[in-house]
Number of protein chains: 2
Amino acid sequence: MFDKDIYIERRKTLKSKIQTGIILLLGNEYSPMNYADNTYHFRQDSTFLYYFGISEPALAAIIDMDADELILFGNEMSIDDIVWMGRQKTLKEKSEDSGIEKVLPTDKLESYLNRYKYESGDIHFLPPYRPENKIKLANWFNIPFDGLKNAASLKLIRAVVSQRSIKSAEEIVELDKAAATSADIHLMVMQQAKPGMYERELAAKIQKAALASGGNLSYPAILTVRGEILHNHYHANILKAGQMVLNDSGVETALGYAGDLTRTFPVSKKFSSEQKEIYNIVFDAYTNAKNALAPGVRYLDVHLTSCKTLAQGLKDIGLMQGNVDDAVEAGAHAMFFQCGTGHMMGLDVHDMEDLGEQYVGYTDELKKNTMQFGLKSLRLGKELETGYVLTVEPGVYIIPELIDRWKAENKFAEFINYQKLEQFRDFTGIRIEDDFLITENGSRMLGKHLAQSTEEIEAIRAEAY
Amino acid sequence: MFDKDIYIERRKTLKSKIQTGIILLLGNEYSPMNYADNTYHFRQDSTFLYYFGISEPALAAIIDMDADELILFGNEMSIDDIVWMGRQKTLKEKSEDSGIEKVLPTDKLESYLNRYKYESGDIHFLPPYRPENKIKLANWFNIPFDGLKNAASLKLIRAVVSQRSIKSAEEIVELDKAAATSADIHLMVMQQAKPGMYERELAAKIQKAALASGGNLSYPAILTVRGEILHNHYHANILKAGQMVLNDSGVETALGYAGDLTRTFPVSKKFSSEQKEIYNIVFDAYTNAKNALAPGVRYLDVHLTSCKTLAQGLKDIGLMQGNVDDAVEAGAHAMFFQCGTGHMMGLDVHDMEDLGEQYVGYTDELKKNTMQFGLKSLRLGKELETGYVLTVEPGVYIIPELIDRWKAENKFAEFINYQKLEQFRDFTGIRIEDDFLITENGSRMLGKHLAQSTEEIEAIRAEAY
């Protein structure tokens, strides 16, 4: 945990934004795997962590602005719990570490809530994403499950987003650590990958290193020779000379802050000329996007810069054609780059995604484009502010199913050279990704330098086997 | 997956036990960590795996005995899914691998269910343990959440338990593999542990090895110098000379079958004389329990054999006193052994725990003792049958909080030498655990031999550093 003054100050700011009624913040519970008591590792809700710092299951907190009190609801351990789980700090002690004075048993929560009527608009809660919390909210407030998202308090969502979006000094220390540890792991993978290995051997090394660092993975690792599959968690392929490995993985620190890096390197000691050609297009897009980062710049424009760089590069090697600006405007580049250039990052790897992308990444004036393939996957579009932390992660992905689909429709034939593209059908994918802090003058990469250029990567691969 | 004939045969047997109405079996969904799309690794429901073998989220199946049809409900991938997740076998293809002829989209399930009334008793489902499935069942059948467990079909529970309890040849192959891989990992840990290491470095090695084997951990690893804490997932201690490491961990195979082993070894190259003394008491209990395993023997009696061996040994060294049989009858040994000697094992490490311990481990005649500390944690009591797979895992755990609690009450003072026990207050804990198949003539240990005696363990530790 951070020092308790930090949590006290965060709650004070939140209260000043909401002012009346009560704020109900739910922690997470253990998630069962194959029966109730065989659970996944516990991950506390990030907003709960942000305001209270206590990583323990089955807690809830009420910030009552009318009564001017803060209550943590949770149960102390019984002797049976101590036998099975060990003596830990009491909940009372953990609460004091967080600056919370009042703790009540969980069964007092419902009667506390009964003092307020949901219909009055005085109860502020966030949209639930865990089914266990959906059940609680539906029961307490008699709201149908499909109505819970809309029943959440927009005022609270906006207040939380505005606070969590701007990272404080102690948060940046954690995010730097997460990125640096992630970079160390990426280097290790680049050094140890060999032809003949299973992908899962490398994925297992990543998991091991994340756990040994005292934290965990911030998301399931993507470690694949099929880099064109954007969220590929299949790890059963064998690495073969000539292929590339795409490693998209990052750690979260013990306090829950995420790192999120991607590197793509050859299984062989060197990239093929074709791989190097496309790698350098992606690297240009990465560089141009990174250089565009600054307060006041719309991330949508950073994304479009990245898309245009990709399209120009792809045109230069004959995979695209026609006017580059028109191609990107129409969305034709999404044949090669189907997703967004980046996203906010913090206590969540996609920061605050549970609160709604419209509120985290866009504004009332700049709505998310939910229609265009490509743009509909851009999680961040709005003007950047000092203190934002985000990723830059352009890529080129050749997806055979997408070629077949679009080619059959003759889609964007003025911009895509389908004949040439057929030669690249089995190219797979390349992504380069780092994490950045928006500073007053531009941006700073978090963590530490990790081999980016083909020369740097080939120098590491030369020593690998 | 196994060959489809196996699944067809299993379903045929199940149908013959239920005969009328419909059986509704729900698969699991992805479980969210900190927002909906950042998920834990997928674990299919074990009963769903048993009857269908398809490890994919958000499926459900209906075995309609009246209409004599089997329908799998689930959605094929969209082009967006393929972009993000990659081309896989279609659901139709996976269904064919499982011998299922009819697949319908998920949104057809509710109307299918509407043909039947829950109140008629014609709809058989199992007690839900995942909150996402509780929401579905509560909505479909208009059952309050706290009534779902009782609304489950006892007939179906009994039918599933009777089938899954007896392991078939192909299941035993998997369970042997799980135990053997787990033993390899235990040996590696015993060889690599050194003073000065963090527990988490070893826990990370275990996780890595499990993933690299192509499976996963079958439960969160317990890797601790505080072995007296029974379900200890804290890994932040540093190993110190003089301490013992308790490693309770096992892998599940790619098909979902569990291994579950425990070894306790000294951080130093040798056990202290005190550690050796108590280790040998636990080893005697293990040996006596193991030797008692046979069809027709009640596991409750195996457990009592183990408890009496522990009590006799503890009496021999002066920690217990009085008549050993009376001490165990009264439950005084539970100062040192607070849990059960073992449990059923299969697709779940505590096999079928979600279906209810009373049905899995006990009978109408032999109810679980839910009052006595110790016995209330014995998950298996009933007569063993050929084909059962279970663990034997006696231990001695010295829990300071329990000493203080019982001593203050002067509890079992005729059986416990509290004065001597104070000298062992910081002893921590020892457990030895292996997995066994009940055979016609007795039992067979699954997997492979893993160092058990103090001599074998010290021989390995001598080479460790």
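These figures come from a predicted structure and were not determined experimentally. Naming convention: chains lettered A, B, ... in sequence-line order (proteins, then strands); numbering from 1 in each chain.
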Original post:
Does the separation of the ring centres of Y198(B) and H235(B) fall below 6.0 angstrom?
Top reply: no
**OP:** Go through E132(A), K134(A), M33(A), Q207(A) and name the one with the most non-hydrogen pairs under 4.5 angstrom from chain B.
**Re:** M33(A)
Original post:
Quick one: of P128(B), A236(B), G214(B), A138(B), who has the most non-hydrogen atom pairs under 4.5 Å with chain A?
Top reply: G214(B)
Original post:
Taking every heavy-atom pair that is under 4.5 Å apart, which of L217(A), L355(A), V349(A), L49(A) has the most such pairs with chain B?
Top reply: V349(A)
Original post:
For D348(A) and D354(A), what are the C-alpha separation, side-chain angles and deciding distance, and is it a side-chain contact (heavy atoms from CB on, under 4.5 Å)?
Top reply: CA-CA 9 Å; D348(A) 306 306; D354(A) 53 311; 4.0 Å; yes
**OP:** Return the option, out of L202(A), I79(A), D45(A), with the maximum number of heavy-atom pairs under 4.5 Å with chain B.
**Re:** I79(A)
**OP:** Taking the side chain as every heavy atom from C-beta outward, state whether E252(A) and R43(A) have any atom pair closer than 4.5 Å.
**Re:** yes
Original post:
Quick one: does D81(A)'s side chain have a donor or acceptor within less than 3.5 Å of a partner on S78(A)'s backbone?
Top reply: yes
Original post:
Donor-acceptor pair, R130(B) side chain versus E29(B) backbone, under 3.5 Å?
Top reply: yes
Subject >> Flag if over 12 foreign heavy atoms under 6.0 Å of CG, N142(A) >> reply: no
Original post:
Looking at R379(B) and E353(B), does any basic side-chain N land under 4.0 Å from a carboxylate oxygen?
Top reply: yes
Original post:
Do other residues, nucleotides or ligands put more than 12 heavy atoms under 6.0 Å from the NZ atom of K194(A)?
Top reply: yes
Original post:
Which one, C339(A), A209(A), A203(A), S377(A), leads in non-hydrogen pairs under 4.5 Å with chain B?
Top reply: S377(A)
Original post:
Taking the six-membered ring for Trp, are Y40(A) and H41(B) parallel (under 30°), tilted (30 to 60°) or perpendicular (over 60°)?
Top reply: perpendicular
Original post:
What are the residues of residues 395-406 of chain A, in order of number, with any heavy atom under 4.5 angstrom from a heavy atom of chain B?
Top reply: I399(A), E401(A), L402(A), R405(A)
**OP:** Determine whether the aromatic ring centres of F42(A) and Y30(A) lie less than 6.0 Å apart.
**Re:** yes
**OP:** Look at D37(B), D80(B), L347(B) and state which one has the largest set of heavy-atom pairs under 4.5 Å with chain A.
**Re:** D80(B)
Original post:
Which atoms of N28(A) come close to chain B, meaning under 4.5 Å heavy atom to heavy atom: side chain ones, backbone ones, both, or neither?
Top reply: side chain
**OP:** Measure S213(B) against the heavy atoms of chain A and call it side chain, backbone, both or neither at under 4.5 Å.
**Re:** backbone
Original post:
Pick from I206(A), N34(A), L211(A): which one has the most heavy-atom pairs with chain B under 4.5 Å?
Top reply: N34(A)
Original post:
If you count heavy-atom pairs under 4.5 Å between each of K205(B), E199(B), M352(B), Q338(B) and chain A, which one has the most?
Top reply: K205(B)
Subject >> N38(A) versus chain B, the contacting section by heavy-atom distance below 4.5 Å >> reply: side chain
Original post:
So what's closer than 4.5 Å to chain A heavy atoms on K136(B): side chain, backbone, both or neither?
Top reply: neither
Subject >> R164(A) vs D351(A) side-chain heavy atoms within contact, under 4.5 Å >> reply: yes
Using atom types as modelled, flag every donor-acceptor pair under 3.5 Å from a side chain in residues 218-226 of chain B to any protein atom, sequence neighbours excluded.
unit_1, atom_1, unit_2, atom_2, d
S218(B), OG, G250(B), O, 3.2
S218(B), OG, G259(B), O, 2.8
Y219(B), OH, D248(B), OD1, 2.6
Y219(B), OH, S249(B), N, 3.0
Y219(B), OH, S249(B), O, 3.3
Y219(B), OH, G250(B), N, 3.3
Y219(B), OH, D260(B), OD1, 2.9
T224(B), OG1, R226(B), N, 2.8
T224(B), OG1, N232(B), ND2, 3.0
R226(B), NE, E228(B), OE2, 2.7
R226(B), NH2, E228(B), OE2, 2.7

